[in-house]
Colleague: 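My questions will all concern the structure given below.
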2 protein chains.
Amino acid sequence: MSPRDPSSLDKRLEHLKAVARAKGLKLTHQRLEIFRELAATDEHPSADKIFRAVQRRMPTVSLDTVYRTLWMLHDVGLITTVGPEREAVRFDANLDQHHHYVCVQCGLVRDFESNELNALRVPASVHRLGSIVNAQVEVRGLCAKCQERPARGKKARSVSP
Amino acid sequence: MSPRDPSSLDKRLEHLKAVARAKGLKLTHQRLEIFRELAATDEHPSADKIFRAVQRRMPTVSLDTVYRTLWMLHDVGLITTVGPEREAVRFDANLDQHHHYVCVQCGLVRDFESNELNALRVPASVHRLGSIVNAQVEVRGLCAKCQERPARGKKARSVSP
DNA sequence: TTTGGTGCAAACCGTTTGCATCGCT
DNA sequence: AGCGATGCAAACGGTTTGCACCAAA
């Protein structure tokens with residue numbers, strides 16, 4: 001079920017249409033191309049990369065439409081981002097093996113430890129990709145504080161805690 | 001061994017001094033304060049947060065010294081960053097559970113799958129932090145391509161693949 | 001006509017860099 | 001004196017936003 005698998009792409013386009021119908025989103029030419037571009041690769045491209053690719057077929061698209069579309073797709077749960085969404089780099093002086101809990105709304109990051117998770121083994125296929133420096137678990141969720149005060153109307157995206 | 005544990009802070013300061021001695025780094029007042037600030041918390045602050053904290057005790061520090069110091073500490077392996085280092089947000093249309101391999105040099109991201117890792121359980125303590133949306137493994141390493149051509153002299157930090 | 005979506009350009013913000021100065025050895 | 005570290009200010013690059021225009025219902 002790799003993203004390159006054409007049947008997987010079809011499935012995702014189906015899903016997109018279903019969600020669009022359910023939520024009353026307009027599936028404009030631009031939106032369709034942007035989603036298709038992202039769904040057809042497993043390289044996890046940046047907005048700019050998607051922009052340049054879509055631009056080839058559709059010279060009038062603008063970068064900000066790509067951004068708006070991507071976040072819109074993200075908001076309705078059709079796509080995700082890689083790693084914690086954040087506005088700034090976060091640093092870590094804890095060199096012992098540990099794992100992270102990340103709040104998807106406010107960006108809070110907390111360490112936790114687990115011998116069980118420390119012992120996890122990555123599959124052989126990963127070793128073919130390159131060397132391994134470390135492996136850690138990233139748990140995403142809504143932190144206790146953010147559960148109290150429900151999401152703000154607009155950008156539910158990042159804020160330093 | 002939480003970062004708030006004062007004995008842990010001491011241990012880290014020891015380590016800092018040892019590495020500084022070994023590598024001939026100058027431990028200026030600024031550098032010491034910046035490291036201390038980071039090592040004393042487990043909030044994984046941004047450069048700006050560290051800057052504001054250090055500034056209280058040392059009103060003349062500048063934000064760029066904080067950045068330079070943090071990356072210097074990072075380059076000698078004394079601190080790390082949370083999540084993949086990247087210059088731009090990367091998007092992902094793969095909603096099935098999967099995991100990521102991230103190259104620490106060029107920023108390449110690749111999916112991989114593992115039933116074993118899909119089944120991992122997070123410790124109870126994490127559930128106290130908030131709700132859980134998903135849990136995935138992030139493996140960091142140097143990808144095959146980057147191993148061939150050794151690191152560039154300057155910033156070994158990010159570039160879109 | 002009304003409601004969104006889009007494109008453009010300017011604003012924004014985190015981060016980096018060039019350069020002159022400072023402080024330690 | 002010599003040399004790396006620092007501070008300042010300006011540049012940079014990714015991202016967002018205000019606004020006018022356009023297209024579909």
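The chains referred to below are lettered A, B, ... by the order of the sequence lines, with proteins before strands, and numbering in each begins at 1.
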Colleague: Which class fits the ring pair Phe91(B) and Trp71(A): parallel under 30°, tilted 30 to 60°, perpendicular over 60°?
Modeller: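 Ring orientation, 0 to 90° scale: perpendicular.
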
Colleague: Near DNA chain D, under 4.0 Å by heavy atom, which residues of residues 13-22 of chain A?
Modeller: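 The answer is none.
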
Colleague: Would Ile132(A) and Leu117(A) show up in the same hydrophobic cluster when neighbours are defined by side-chain heavy atoms closer than 4.5 Å?
Modeller: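 Yes, Ile132(A) connects to Leu117(A) through the hydrophobic network.
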
Colleague: Parallel, tilted or perpendicular for His100(A) and His44(B), by the 30°/60° rule?
Modeller: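 Ring orientation, 0 to 90° scale: perpendicular.
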
Colleague: Give every donor-acceptor pair under 3.5 Å between a side-chain atom in residues 23-30 of chain B and any protein atom, sequence neighbours left out.
Modeller:
from, atom 1, to, atom 2, distance (Å)
Thr28(B), OG1, Arg31(B), N, 3.2

Colleague: Has Thr28(B) got a side-chain N or O lying under 4.0 Å from the OP1 or OP2 atom of dG23(C)?
Modeller: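 Looking at the OP1 and OP2 atoms of dG23(C), neither is under 4.0 Å from any side-chain N or O of Thr28(B).
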
Colleague: Given Asn118(B), which of Glu113(B), Gln136(B), His99(B) fulfils the side chain to side chain donor-acceptor pair (under 3.5 Å) condition?
Modeller: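 Exactly one pass, corresponding to His99(B).
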
Colleague: Measure from CG on Asp75(B) to P on dG4(D) and round the result to the nearest Å.
Modeller: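 My rounded result for the distance is 17 Å.
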
Colleague: Give a yes/no answer on whether the side chain of Arg68(B) brings an N or O atom under 4.0 Å of OP1 or OP2 in dA5(D).
Modeller: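 False: Arg68(B) side-chain N/O out of range (4.0 Å or more) of dA5(D) OP1/OP2.
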
Colleague: Which atom pair, heavy atoms only, marks the closest approach of Leu70(B) to Ile79(B)?
Modeller: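 Looking at all heavy atoms of both residues, the shortest contact is O-CD1, 3.4 Å.
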
Colleague: Would you say Trp71(A) places a side-chain N or O within less than 4.0 Å of OP1 or OP2 belonging to dT16(D)?
Modeller: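 It does, given that an N or O in the side chain of Trp71(A) lies less than 4.0 Å from OP1 or OP2 of dT16(D).
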
Colleague: Check each residue of residues 57-66 of chain B for a non-hydrogen atom within less than 4.0 Å of any atom in DNA chain C, then write out the ones that pass by number, or none.
Modeller: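 Output list: Leu63(B), Asp64(B).
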
Colleague: Take Leu120(B) and Val137(B) through the test side chain to side chain contact (heavy atoms under 4.5 Å, CB included) and record every step on the way to the result.
Modeller: CA-CA 10 Å; Leu120(B) 56 78; Val137(B) 176; 3.6 Å; yes

Colleague: Over all heavy atoms of both residues, which pair between Leu142(A) and Gln105(A) is shortest? Give the atoms and the distance, please.
Modeller: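 Scanning both residues, the minimum pair turns out to be CD1-CB, 3.5 Å.
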
Colleague: I need the NE2-C1' distance between His74(B) and dT15(C), as an integer number of Å.
Modeller: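 Answer to the nearest Å: 15 Å.
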
Colleague: Listed by chain and number, what are the side chain to side chain contact (heavy atoms under 4.5 Å, CB included) partners of Arg140(B), not counting sequence neighbours?
Modeller: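 Partners of Arg140(B) by the side chain to side chain contact (heavy atoms under 4.5 Å, CB included) criterion, ordered by chain and then number, come out as Asn134(A), Thr81(B), Glu85(B), Val104(B), Glu138(B).
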
Colleague: Figure out the OH/C1' separation between Tyr67(B) and dT6(D), and round it to whole Å.
Modeller: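 Checked: the OH to C1' distance equals 17 Å.
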
Colleague: Below 3.5 Å is the cut-off: list the nitrogen or oxygen pairs between protein and nucleotides 20-25 of chain D, distance only.
Modeller:
none

Colleague: Rounded to the nearest angstrom, tell me the gap between atom NE2 in His29(A) and atom P in dG7(C).
Modeller: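 So the two atoms are 11 Å apart, to the nearest Å.
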
Colleague: Side-chain contact test, heavy atoms from C-beta onward, threshold under 4.5 Å: evaluate it for Asn94(A) versus Arg12(B) and give yes or no.
Modeller: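 Contact flag for Asn94(A)/Arg12(B) side chains = yes.
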
Colleague: Name all residues meeting the side chain to side chain contact (heavy atoms under 4.5 Å, CB included) criterion together with Phe51(A); count only those two or more places apart in sequence or in a different chain, and write none if there are none.
Modeller: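 Listed in chain order: Asp48(A), Gln55(A), Val61(A), Leu63(A), Val66(A).
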
